[in-house]
There are 2 protein chains.
Amino acid sequence: MATIKEIAQKAGVSVGTVSNYLNSPEKVAKKSSEAIQRVIEESSYHPRAAARSLKSDQTRTIGLVPVVSREDPQSVEPSDNAFLEFLAAVNSTATEKGYDVLLHSATPKVDEIPIYEKLVVGKNVDGILVLNTRPDDPRINFLLKMKFPFVSFGRSENKEHRAFIDVDGEYALIETVDYLTSLGHQLIAYICPKKGSMFSKVRWEGFSKAMVSHNLEIYDDYIIECDFSETSGQVAMHLLLDLPNPPTAVITASDICAFGAMHAISTRGLTPGKDISVVGFDNIRMASHWQPSLTTIAQPFRKLGSQATEMLIKIIEGDQTETQILFTPELVIRQSTGPAK
Amino acid sequence: MATIKEIAQKAGVSVGTVSNYLNSPEKVAKKSSEAIQRVIEESSYHPRAAARSLKSDQTRTIGLVPVVSREDPQSVEPSDNAFLEFLAAVNSTATEKGYDVLLHSATPKVDEIPIYEKLVVGKNVDGILVLNTRPDDPRINFLLKMKFPFVSFGRSENKEHRAFIDVDGEYALIETVDYLTSLGHQLIAYICPKKGSMFSKVRWEGFSKAMVSHNLEIYDDYIIECDFSETSGQVAMHLLLDLPNPPTAVITASDICAFGAMHAISTRGLTPGKDISVVGFDNIRMASHWQPSLTTIAQPFRKLGSQATEMLIKIIEGDQTETQILFTPELVIRQSTGPAK
DNA sequence: AATAGCAATTGAAACGTTTCAATTAATTAC
DNA sequence: GTAATTAATTGAAACGTTTCAATTGCTATT
């Protein structure tokens, strides 16, 4: 394969000039530029990434470490469809700005810190995107300690942690409860995301505040944790329907979960939206195609992904102007919710 | 940050020995090993990836170039859910074997070859996974020409192209048509994937062969192309239902597409599985949760992803024993299909 | 015609590894 | 006790860039 040295020889200039042509073309004379350009094209030269990165200390790559569960290999955090949309946006935004995306996977059990250590200390990437934050997040603490460029999707409780992008989950739950009570619902259940992650904590705060402000009681039986699978939503819903006094409305952790819940409702001969109202979270594409179509809180994953990436690249490149974005999500009302019976 | 030189000094050995410790520990004496190990740990040393790769000519990274459409940014090839499962498997298998995954995105309009050229010539990756092949695929021709390690998901018509993994789409369609005719269907429509990709060609062969072997006619009106969105399935189904003599069974390009088709059917006051049979393709998780649950051809995306990755890594590492895998997909029968009326 | 000033170019050092021929130390065989 | 063999270690070259002080070649100014 061609090296910069060979290009230089063939073009009749020095390596320094070729390097300049590649990195700051305005510095090289038109005549040389043309000669170099020609040679580069005919030998289909591409600078060697490793050499570049070794010398210049940058990789033009951003890192992402999705947690893929090996036991339930279908699940990828945060929740499959949503993650893919986010990733697609990250990927295309990064490419647009001249960066690549490096994926390294973690499993739920393994300690993630060594992975981040390798990425940071081994200088594999210029910056990292952290997903699914926890209130006290070791990854964020580590990255902060190393002063390494990163942006997280989700907040944390670390005071130093400033660069994030997030959706206001508290607001989302308040809106939803407000909406359901306006339809006359009093018995509101919450099939909630597993405790531990920051977003589940934030949403819980919204839910409990809203319930209190409407003088509604939060029954233990009405709170069921679930993961992001249809099955877990289905199971949770069956538990709720087995209660002596089942809820008239259910807020769920995700659209997928809501689909499972609706499945359970239909199985019992009831109609979602008529007998029991169901609210999802995410507004994945399928939400509008399900029957009945799903009332849900929209998270703009595309926008989140591309803005997070843009923010990260800004930070990598030393521009720290805007360091946080909090989206206000929108409640999309469809047919899976209706007046309380 | 620590370098191998500093580690060597602190441990009282030469750089060569540290390098040996890192790469072939059996070559270094126990005493030295221990000293080095200690120093490495306390200075949290990680070898610099760029330096390593510059010298040793390998990156321990495999490349993947998904096509993300900017106009319809929700679509990622081959079809979102499926792609994510595939990617998750690739990612975790690669990580398991000590490789990372590098993502670079392409858009449908842009010429992909320069991207592959950069990856190959710039030695950004050790091998490439090619998705959604075409019969005459410039990417495959290029990689073959460069003698660069790659594995494709999908075959091509290039004679030299040996390393692939695929699902037997011809068999799948034959099975499906056989099944539908056994239920008494004669009027079978095919909402088929867009022409151009290899898999759509292969499936078409299966479909047409099967129709011929059952002495069934293929009506032009019954063949409608669609992409992987719900909407396109929905639109296609409406067109079929508007026909003077609508089909009694419909085979679709993907589960997502089938959901759209079922949506259209229900909207018309008909019942999928009773009035019209619908068959999907992929068997994504949602297929069993949809109502009615979807009869579909299962593609084992997880397995495909991890086997493709294993195959690629074998090739990268010089072991070429097994170079192709063709999965026989399974028709999963559920409620969206039934006897012809 | 000499000089100052600027634009363009040069060439060597440096980045942090791996590799390998050469060297040293330790062990075995007689 | 010496020679032969093996095991462990060393140190320098090389990988392909970028960077920057030094140099060269022009142009404009006097």
Side-chain angles (χ1 to χ4, degrees), chain A residues 1-37 39-40 43-61 98 117-126 317, chain B residues 1-37 39-40 43-61 98 117-126 317:
Chain A
M1 303 271 158
T3 69
I4 207 174
K5 212 163 141 192
E6 287 166 41
I7 301 297
Q9 262 165 235
K10 286 191 194 162
V13 297
S14 73
V15 291
T17 303
V18 178
S19 178
N20 279 338
Y21 169 79
L22 257 18
N23 301 301
S24 10
E26 74 281 1
K27 282 191 194 157
V28 359
K30 216 201 297 175
K31 213 180 60 170
S32 311
S33 285
E34 282 163 2
I36 297 171
Q37 162 119 42
V39 179
I40 283 186
S43 25
S44 77
Y45 166 78
H46 282 257
R48 188 79 182 280
R52 222 169 212 201
S53 141
L54 174 61
K55 186 74 238 262
S56 66
D57 246 0
Q58 45 165 352
T59 59
R60 298 200 71 87
T61 299
E117 211 171 273
K118 184 204 140 207
L119 253 33
V120 170
V121 182
K123 300 199 184 161
N124 289 18
V125 298
D126 293 343
E317 297 181 348
Chain B
M1 302 271 158
T3 68
I4 208 176
K5 210 162 144 192
E6 287 167 42
I7 302 297
Q9 261 165 236
K10 286 191 195 161
V13 296
S14 73
V15 291
T17 304
V18 178
S19 178
N20 279 337
Y21 169 80
L22 257 19
N23 300 303
S24 10
E26 75 282 0
K27 282 191 193 157
V28 1
K30 216 207 288 184
K31 213 179 60 169
S32 311
S33 285
E34 283 161 2
I36 296 171
Q37 161 119 44
V39 178
I40 282 185
S43 20
S44 78
Y45 167 78
H46 283 258
R48 187 81 180 280
R52 218 168 216 204
S53 136
L54 174 60
K55 187 72 235 247
S56 65
D57 245 359
Q58 47 165 347
T59 59
R60 299 200 71 85
T61 299
E117 210 172 272
K118 182 202 142 207
L119 253 33
V120 170
V121 183
K123 300 200 184 160
N124 288 21
V125 298
D126 294 343
E317 296 179 349

Rounded to whole Å, CD1 of A/I7 lies from P of D/dT18 at a distance of 13 Å
Counting only side-chain nitrogens and oxygens, does A/R52 get under 4.0 Å of the OP1 or OP2 atom of D/dT18? yes
Give the rounded distance in Å between these two atoms: CG of A/L22 and C1' of D/dT18. 11 Å
Please report the distance, rounded to the nearest Å, between CD in B/Q9 and C1' in D/dT10. 14 Å
Heavy atoms from C-beta onward define the side chain here; which of D/dT18, C/dT18, C/dG16 lies closest to that of A/S19? D/dT18
Short side-chain N/O contact from B/S14 to OP1 or OP2 of D/dT10, under 4.0 Å: yes
Minimum-distance nucleotide to B/R48 side chain [options: D/dG16, C/dT17, D/dG11]: C/dT17
Would you please confirm or rule out a distance under 4.0 Å between OP1 or OP2 of C/dA8 and any side-chain N or O of A/T17? no
When rounded to whole Å, the CG to C1' distance for the pair A/N20 and C/dA8 reads 9 Å
By nearest-heavy-atom nucleotide on DNA chain D, the more 5' of B/D57 and B/K31 is B/K31
What's the CG-C1' distance between A/N23 and D/dT17, to the nearest Å? 9 Å
What I want to check is whether an N or O donor and acceptor connect the side chain of B/K55 with the base of C/dT17 at under 3.5 Å. no
Working to the nearest 0.5 Å, report the span between CG of A/N124 and CZ of B/R48. 9.5 Å
Taking the nucleotide of DNA chain C with the closest heavy atom to each, which residue, A/G12 or B/A51, is nearer the 5' end? A/G12
Check whether any side-chain N or O of A/S32 sits under 4.0 Å from OP1 or OP2 of C/dT9, and answer yes or no. yes
Using atom OH of A/Y21 as one end and atom P of D/dT17 as the other, report the distance to the nearest whole Å. 15 Å
Nearest whole angstrom, please: distance from the P of C/dA21 to the NZ of B/K27. 12 Å
Check the distance between C/dT9's P and A/E26's CD and give it to me in whole angstrom. 13 Å
Minimum heavy-atom distance between A/A51 and B/L54, given as atom pair plus value: CB-CD1, 3.7 Å
Counting side-chain heavy atoms from C-beta on, which of D/dT9, C/dA12, C/dT17 comes nearest to A/V15? C/dA12
